[in-house]
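Count residues from 1 along the sequence. Note that this is a predicted model, so its numbers are computed, not measured. Values below: all heavy atoms of this structure, side chains included; hydrogens, waters and symmetry mates excluded.
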Amino acid sequence: MSASSPAGRWSSATLASLLGVQVFQVVLAWSVLTVAGPLATAVVLALGTLPRIAMMSGLTAGLAGRFAPHRLLAVGELGRAALALAAAGAVAVSGLDFTGLLLASLLFGLVEAITEPAAGSVPALIADAAGRQRMEALRTTLFRVTVVVGGPLAGLGALLGLSTALVIGGLVFLVSAALFLSLRPRPTDADGTAPAAGHGPAAGFPGPPGADAPKAGEALALPGVRAALICTVLIELGCPGAFGVGTLLLADDRGWGAVGFGVLVGAVGLGTVLAALAPGFARRLRGSGTGLILACVLTAGAMAGLAFSPNLPLAAVLTVVMALAAAAASAATLGVLFSGPRPEALGMVMGVVMAAGALAAPLSYVLVGLVARLANPRAAVAACAVALLAAALVALTDRALRTATAPEPPTGPHAGPPTGAPAAGPAAGASADGAPVAEAPHAEAPHAGPHADADAPADATGEPSADGRPGHLSAKGA
């Protein structure tokens, strides 16, 4: 793949976009904290995730079908560049302003919600089937690289000044926009059909529910499902806030500065990447009640250690462990939810899970900020650890969930996803991930959260899974 080829330009544009997002989000979070304090910072980051809920609900997905995806992405990159450069100018002229930073966060999230659904359509426009597979694998690799190195690089850039870091981010977005604009759709196939993806339900995913589809109450009454959903909510209440806001407040409280925050963002990304790169590890945990309990306890222990860590290197190590264990906990609950309901109930259960995760993450940010204001950042992160311990307690007290075992992976030529699980196919992004920051994180993220791969199945970290199985939870936060 040469740098001048369409795939080469696409990969360069994607890398620039992912790095630009990391720089902007780290600088934005640090800037808001400098101006307004812990609670206001948490509120700004929480509001910045709301447009993503619109993306997950499908409200913005129609734009990807109405406009050429590569042009839509280019317009989005230009919008991000304009936001970054305008923020840099405002900081240089009049200093930091809370209202302006809040508006920038909302607009940045809105641009992401509009353009992210188009990101997965670009490979289908410029490459054949074999080329698309290589590009999707490359996008996953680029995502993993940026969530690990993007945070530290953004922290180092902040040493040059917040306005300078924002200018760098804006220039990176301009490069990405130019590269996306240079892409041209490949010619139509021999039969005259266009290369773009077709309409209708995504391959491997069920269509609209039939008349005999189970009601929500029936789906939640299945053994272990209600407890697994409660665990999911508790995990989503604990992890995004600790990853996205807790690390930020601890870095400020301990005097580690923007560089220290960037290092912790990268540590969250590294933990989620390690979980994604260990398919055997995730497969053994998926659907295991014991694995869920142990993973939640380990996550809580790492969070408590992070809250009282005396130095940055130890905090970074504990953050990696925390993100890895959180991804494992999400993988375990995911397995229970996939293997418990019958296929016709699976969509109902997963819809509840996605709604719970989308709503719990912003609430997690605000709660962490509120506790930090009333007490201190250490108490806020420790409160997140309590949420994980509560999830472990719920799993321990529910017999069906406690005794759940991971299903044996199928063997032979017809091996595939677990019964009732949707086949690998396009999935709506969410990070983070995340991954911050992390989300990876993402889990999401924290979001400050990086992009999620919209064309590949997602694992428990909010990014594409390493073993090709679908997933849904974001241990990264925003």
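Across all non-hydrogen atoms, the minimal contact from D97 to G100 is OD2-N, 2.8 Å. Taking every heavy atom of both residues into account, A391 and I235 meet most closely at CB-CG1, 4.3 Å. Between A84 and G169, the closest heavy-atom pair is CB-C, 4.4 Å. The shortest heavy-atom contact between L250 and W256 is O-CE3, 4.2 Å. Of all non-hydrogen atoms in Q22 and V265, the two that sit nearest each other are OE1-CG1, 3.8 Å. Looking at every heavy atom in both residues, G241 comes nearest to C384 through C-SG, 4.3 Å.
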Take V273 and V147, measure what side chain to side chain contact (heavy atoms under 4.5 Å, CB included) needs, and give me the verdict at the end. CA-CA 8 Å; V273 168; V147 297; 3.8 Å; yes

Could you walk me through whether F173 and L83 pass the side chain to side chain contact (heavy atoms under 4.5 Å, CB included) check? CA-CA 10 Å; F173 284 130; L83 283 173; over 6 Å; no

Pair M322, L306 - check side chain to side chain contact (heavy atoms under 4.5 Å, CB included), show working. CA-CA 9 Å; M322 176 177 67; L306 172 64; 3.7 Å; yes

After noting the C-alpha distance and the side-chain angles of F180 and T14, does the key distance pass the side chain to side chain contact (heavy atoms under 4.5 Å, CB included) rule? CA-CA 9 Å; F180 277 128; T14 300; 4.3 Å; yes

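Counting heavy atoms from C-beta outward, L270 and L324 have side chains that stay 4.5 Å or more apart. For the pair L229 and V233, the minimum side-chain heavy-atom distance is 4.5 Å or more. In this structure, the side chains of V245 and L45 come closer than 4.5 Å at one or more pairs of heavy atoms. Inter-residue side-chain proximity for W30 and L162 is flagged as met; some heavy-atom pair is nearer than 4.5 Å. Between L153 and V23, every side-chain heavy-atom pair lies at or beyond the 4.5 Å cut-off. Annotation: side chain of L47 is in contact with side chain of L102 (closest heavy-atom distance under 4.5 Å).
Put simply, the side chain of S309 gets close to the backbone of A315: a donor and an acceptor are under 3.5 Å apart. S182 contributes a side-chain N or O that, together with a main-chain N or O of L179, makes up a donor-acceptor pair within less than 3.5 Å. Within the 3.5 Å criterion, the main-chain N or O of A92 finds no donor-acceptor partner in the side chain of S163. No donor-acceptor pair closer than 3.5 Å links the side chain of S364 to the backbone N or O of A360. Side-chain atoms of S11 come within 3.5 Å of backbone N or O of G8 as a donor-acceptor pair. S17 contributes no side-chain N or O that, together with a main-chain N or O of A13, makes up a donor-acceptor pair within less than 3.5 Å.
Atom SG of C239 sits about 4.0 Å away from atom CE of M303, to the nearest 0.5 Å. Atoms CG and CG, from L314 and L318 in turn, are 4.5 Å apart once rounded to the nearest 0.5 Å. How far CD1 of I168 is from CG of L160: 5.5 Å, rounded to the nearest 0.5 Å. In this structure, OG in S330 is found 6.0 Å from CD in E236, a value given to the nearest 0.5 Å. Taken from CZ in F261 to OG1 in T247, the straight-line distance is 5.0 Å, to the nearest 0.5 Å. Remark: R71 CZ to L183 CG distance equals 9.5 Å, nearest 0.5 Å.
The side chain to side chain contact (heavy atoms under 4.5 Å, CB included) with L237 is formed by just one residue from the set L363, V368, V386, L388; it is L363.
Residues that satisfy the ring pair (Phe, Tyr, Trp, His ring centres under 6.0 Å) test with F24, not counting sequence neighbours, are F108.
Applying the salt bridge (Lys or Arg N to Asp or Glu O under 4.0 Å) test to residues at least two apart or on different chains, the pairs with a partner in residues 361-382 are D253-R378.
In the model, E77 has a side-chain atom that pairs as donor or acceptor with a side-chain atom of S176 under 3.5 Å.
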